[in-house]
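What follows is a single structure, written as structure tokens, with notes after it.
If you're wondering where the values come from, they're calculated on a predicted model, not measured in any experiment.
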Protein chains: 2
Amino acid sequence: MYIASEHTAHFTRKHAPSDGANCLRDLFSKQPVEHRSGNRSLFLEGDEAAHVFQVVEGTLRIFKIISDGRRVITGFLYAGDIVGISLGKRYLYSADAVSSTTVRRLTRNQFDSGIDESPRLRTEVSALVSDEMAAAQDQMVLLSCKSAEERMCSFLLKLLKKSELLGERRLSIELPMSRQDIADYLGLTIETVSRTITKLINKRVLRIENAVARHSISVERPVLLAQLAGDDDDCSDMRHDLVVQGSQRRH
Amino acid sequence: MYIASEHTAHFTRKHAPSDGANCLRDLFSKQPVEHRSGNRSLFLEGDEAAHVFQVVEGTLRIFKIISDGRRVITGFLYAGDIVGISLGKRYLYSADAVSSTTVRRLTRNQFDSGIDESPRLRTEVSALVSDEMAAAQDQMVLLSCKSAEERMCSFLLKLLKKSELLGERRLSIELPMSRQDIADYLGLTIETVSRTITKLINKRVLRIENAVARHSISVERPVLLAQLAGDDDDCSDMRHDLVVQGSQRRH
DNA sequence: GGGCCGAAGTTACAACCTGTTACAATTGGA
DNA sequence: TCCAATTGTAACAGGTTGTAACTTCGGCCC
């Protein structure tokens, strides 16, 4: 199972103790780094889940190919994230590098025996799996009933928050993946992604950095972006009052 | 976290040993059964994850309420399934009963100490979590790029397979949930669900049982149903050849 | 350096699916 | 029986997609 960044990647870094294997990061630290270019995949859906990977640098793409050849990207992984904690025997999805990427790997046995020794690591793994599940749920909500614009804004907002966590001061987003990748992740077509970005630029929400063409975007109005994303954190305020039967219309 | 039925529920039943706590089912067996009618929920999203539940009979509904009041159902749970193995501190979603339902419950502590004692139970929990993740991935694929008809057929096919596992001989499906529930689960509107079912009846794929109105459906042409569902198990055959960049159109 | 070429991205327009709205039909309980 | 809730049907509108252009970018060769 891949790990859905956010809190977790952050978490992994923050609690870094001196040595031993007090956090998952330490487990990987002695492994050699491997380099991956765009086309060779780390593993394929259905392969025996022999390894667990940690992203050192770059971006990974987690995806499934369905019967008619279409691709569904179920997640992206960034530096610090861990992938392959698939508790089953086989990977549930394929993984390859979006751009030039370096990873470390542990065999399943190394990983399992590593976490067996330490209750602390077990807790960390549990937290990672839980985060991954939460990310999957959020993605289901996004795909269930958000418009193209809401999806695009949610996606950008997530990237923005991530770059803020990493200590970026400017409101700029690096998009290592292609428009096609974004489309396959958000359940849209490449044209809709393009059109939506253009619309957001016209609304003065975004601005294209002249630098690296269209893979660097600056956010002019982050507040508007958050509003357009439309996920006010699933309204954990208005809970106990209305757990009514039907939902409103519009999907 | 809820557990996504299929193999798992089956698994839980099959390996039932004599006594002790050799499988998760045994952990629950001594707990008293509780009855739930439609409106009182088991727990709400954001609540402290204090309990783990096992469905004894009936059907549960797992859902989130988003900011504008819409409801997204992320899963249904049937007899034998386990819900609430949320490894985090709080539930990721709400749960209530679709129809009259009975459950057993363990406190988080009871559950945790139960599985801590037995490596076998830990393995079982891992498998359940893995299955849950697989179900979430499948749902993402469904919501990403399937048409209304494909979604409806996938849903019915899943229920059909479940009833076959339980030893049903006739090709009939019981739908305990309402059309609105199905709509919120498949990311459609109630009208589209209605239209699609009507279309499938006209195609002689389905037939309405005159009995319990529209909550009992018989499948006339299961093969066609499977074809229309369009998930040829994510084409695990055509793997190693084309892991190409872009996907085809149509989402 | 200049020009050709392909890949990636953008834009325009028509077509289609689904959501919206409104109303009818059926069911089940008061 | 009436009434309310659920479900089914139909016409319409709207957003997203599909198709097909065009533009931009980057690499390659001369």
[X] side chain vs [Y] backbone, donor-acceptor pair below 3.5 Å:
| X | Y | answer |
| --- | --- | --- |
| A:Arg36 | A:Ser41 | yes |
| A:Arg70 | B:Cys145 | yes |
| B:Thr101 | B:Thr59 | yes |
| A:Asp184 | A:Asp181 | no |

Length of the line joining [X]:[atom1] and [N]:[atom2], which is rounded to integer Å:
| X | N | atom1 | atom2 | answer |
| --- | --- | --- | --- | --- |
| A:Leu200 | C:dT10 | CG | P | 12 Å |
| B:Asp184 | D:dT7 | CG | P | 12 Å |
| A:Ile201 | C:dT11 | CD1 | P | 8 Å |
| B:Leu175 | D:dT7 | CG | P | 10 Å |
| A:Glu149 | D:dG14 | CD | C1' | 15 Å |
| A:Ile182 | C:dT10 | CD1 | P | 9 Å |
| A:Ile197 | C:dT11 | CD1 | C1' | 14 Å |
| B:Ile190 | D:dA10 | CD1 | P | 17 Å |

- Message: Using five pairs at each end of the helix from C:dG1-D:dC30 to C:dA30-D:dT1 to define an axis, what is the angle between those two axes, to 10°?
- Response: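 Both end axes considered, the difference amounts to 30°.
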Phosphate contact ([N] OP1 or OP2) by [X] side-chain N/O below 4.0 Å:
| X | N | result |
| --- | --- | --- |
| B:Thr192 | C:dC17 | no |
| A:His215 | C:dA8 | no |
| A:Ser194 | C:dT11 | no |
| A:Thr189 | D:dT17 | yes |

- Write down the atom of A:Glu149, the atom of A:Lys203, and the distance for their closest heavy-atom approach. OE2-NZ, 2.9 Å
- Item | Where at least one partner belongs to residues 176-204 of chain B, residue pairs that pass ring pair (Phe, Tyr, Trp, His ring centres under 6.0 Å), sequence neighbours excluded | B:Phe76-B:Tyr185, B:Phe155-B:Tyr185
- Item | From D:dG8, C:dG9, C:dT20, nucleotide with atom closest to B:Thr198 side chain |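 Nearest to the side-chain atoms of B:Thr198, counting from C-beta on, is D:dG8.
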- Name the orientation class of the two ring planes belonging to B:Tyr91 and B:Phe43 (parallel below 30°, tilted from 30 to 60°, perpendicular beyond 60°).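 Rings of B:Tyr91 and B:Phe43: parallel, under 30°.
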- Is there a donor and acceptor pair, one atom on the side chain of A:Arg195 and one on the base of D:dG15, closer than 3.5 Å?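 Result: no qualifying N/O pair found.
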